[in-house]
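Read the numbers this way: they start at 1 and go in the same order the structure lists the ligands and their atoms. The figures that follow rest on heavy atoms only: side chains count, while hydrogens, waters and symmetry mates do not.
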Amino acid sequence: MKIIMTASEMTPFVKTGGLADVLGSLPYALSERGHDLSIFIPFYRCVEGPMLELVYKGYVTVGSRRCHFEVIRISAEKNVHVYAIRKEEYFDRSFLYNLPHRDYDDNAERFIFFNKAVVHSISQLGLKPDIVHAHDWQTGLISIYLALDPHLGPSARRPSIFSIHNVAYQGIFEPNEFRMANLPDHLFSPHGIEFYGKLNFLKGGILFANHVTTVRPTYAEEIQTADYGFGLDGVIRSRRSHLKGILNGIDSEIWDPAKDKHLPEKFSHRTLKKKSVCKHALAAELKLDIAENQPLFSMVTRFAQQKGIDLFFQALPEMIKRGASFAVLGNGDVTYENQFRQMAAKFPSRMAVRIGYDDSLAHRIYGGSDFLMMPSLYEPCGLSQLYALRYGTIPVVRATGGLNDTIEEWNPKTHEGNGFKFSHPRFTSLLEAFDQAMRCYKQLKAISALR
Ligand code: ADP
Ligand code: GLC
């Protein structure tokens, strides 16, 4: 089949979270099964490619503006062609979606443009897809434009899939932005992309794609409930017969401690002793004082409320008192960034914090730490805990969403399970799971078996 995917992020070109990892791996897995893949992403400032080949130049109309753009092929490996939509005015910026303190004012316009430009390019490049698969709110209008494009013909209406990676991020904008979309007025209604008087991109994807998927079978159920639907549960229930949850996978080639070029020493489950080389190199890099048998905990995360960072801060002084050291890599919410800086200043030799996005350091942290903490308040799927498992780094997680589904509590008697978890979103519960992890760490046989 000819499959087109489109999203706002794709590793290794541009990434803020797990969405990028899915786009950087799923197309290659599909191509190995004989499919032809074309991917469309925005040409952000950070995007670089092995090739930069101009394949199309044209324009789309956004509101009353004629928006000229270019389509650049940035990679064509293993039957996966990656196209980036270049429009500097919209995408050549320091950050993807926001400045440190607020979202960009023109996000609706930027992504209306992107959706239109992708659909226009599909027809102009003559790609004739069997399936167009869009991901997350930034591409929520794709199926609507596909149905309306005069050049694509009626068959284009059949094959669209929309994947929800996190229903909390919906792309909600003021109603006056709707005019930028140049869509018929009747679509700004409860049966269309209007949502409590505003414009809602995600709703467009859910209602107008032929099929909707999400990142885990149980997430497909959860998002139909008021607790996890973030207001869209009713809309999602109306599509339940076309909704399916499929568990995310990881790219086990890129995330492989036996081949990982970012690690100072490669290791596998057979040579786990070498993991300690990675640990001590990481401690030296981050200027942490770690005694021979002291555990290193880590976090690699977006700094967002979703990730349970408040719980973590509440428990942190006690965890340090009880003997743990921490390596944290993340960025996002400026308040959290500052709180992390303060904590690092308070416990200089026990807590290292790196603010920013750093893929290579992320690999070294998964490779070098003993435990990965993910106290998320909710988690559609979560990939970080899966990477940690692959590196013999034991997840300590809150039992929610994908973390609950993928992490099974370690049983010291039967040696079953793969991590530690707690249920209540209270720091005392987090501390209980932490204590279990510490107890296990002190027993060489147990921790080796668990790894
Ligand atoms: P989410 O998509 O909600 O952020 P996931 O666990 O699905 O959560 O995916 C997060 C991905 O982003 C992982 O690959 C993780 O290693 C990576 N990541 C998060 N923050 C950073 C960062 N600051 N630097 C490098 N990688 C990061
Ligand atoms: C979202 C979710 C995360 C999921 C990722 C990839 O960002 O927050 O749980 O793993 O998408 O699907």
Side-chain donor-acceptor contacts of residues 134-141 below 3.5 Å, not counting sequence neighbours, with atom names and distances?
from	atom 1	to	atom 2	distance (Å)
H135	ND1	H165	NE2	2.9
H135	NE2	H133	NE2	3.4
D136	OD1	H165	N	2.8
Q138	NE2	Y97	OH	3.3
T139	OG1	H135	N	3.0
T139	OG1	H135	O	2.9
T139	OG1	D136	O	3.1

- Item | Presence of salt bridge, D435 and R439, under 4.0 angstrom |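 Looking at R439 and D435, the cut-off is not met.
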- Salt bridge flag under 4.0 Å for residues D370 and R451: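 Salt bridge present between D370 and R451.
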- Query: Hey, does the side chain of N79 reach the backbone of D36 with a donor-acceptor pair shorter than 3.5 angstrom?
  - Reply: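 No: the side chain of N79 does not pair with the backbone of D36.
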- Message: Under a 3.5 Å distance rule, please check whether S298 uses its side chain to pair with a backbone N or O of F371 as donor and acceptor.
- Response: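 Answer holds: yes.
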- Message: I'd like to know if the side chain of D233 pairs up with that of T225 as donor and acceptor (distance under 3.5 Å, no hydrogens or angles considered).
- Response: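 There is no such pair between these side chains.
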- Message: Quick one about Y391 and S369 (side-chain donor to acceptor, distance below 3.5 Å, no hydrogens or angles considered), yes or no?
- Response: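 S369 vs Y391: no donor-acceptor pair found between side chains.
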Tabulation required: pairs of a nitrogen or oxygen in ligand 2 and a protein nitrogen or oxygen under 3.5 Å; columns are atom names and distance to 0.1 Å; otherwise 'none'.
from	atom 1	to	atom 2	distance (Å)
ligand 2	8 (O)	N166	ND2	3.2
ligand 2	8 (O)	Q306	NE2	3.4
ligand 2	9 (O)	E379	OE2	2.6
ligand 2	9 (O)	C381	N	3.0
ligand 2	9 (O)	G382	N	2.9
ligand 2	10 (O)	G382	N	2.8
ligand 2	12 (O)	H165	ND1	2.7
ligand 2	12 (O)	N248	ND2	2.8

- Message: Here's one to test your reading of the geometry: is the NZ or CZ of R93 within 45 degrees of the ring axis of Y104 and under 6.0 Å from its centre?
- Response: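 Yes, a cation-pi geometry holds between R93 and Y104.
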- Query: By side chain to side chain donor-acceptor pair (under 3.5 Å), which residues pair with N98, not counting sequence neighbours?
  - Reply: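 Side chain to side chain donor-acceptor pair (under 3.5 Å) list for N98, sorted by chain: empty.
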Hey, what polar pairs (N/O, under 3.5 Å) does ligand 1 make with protein?
from	atom 1	to	atom 2	distance (Å)
ligand 1	2 (O)	G18	N	2.6
ligand 1	3 (O)	R302	NH2	2.7
ligand 1	3 (O)	K307	NZ	2.8
ligand 1	4 (O)	R302	NE	2.7
ligand 1	6 (O)	L383	N	2.8
ligand 1	6 (O)	S384	N	3.1
ligand 1	6 (O)	S384	OG	3.2
ligand 1	7 (O)	L383	N	3.1
ligand 1	8 (O)	K307	NZ	3.2
ligand 1	9 (O)	G18	N	3.2
ligand 1	14 (O)	K15	NZ	2.8
ligand 1	14 (O)	D21	OD2	2.7
ligand 1	16 (O)	Y366	OH	2.7
ligand 1	23 (N)	G356	O	2.7
ligand 1	24 (N)	D358	N	3.0

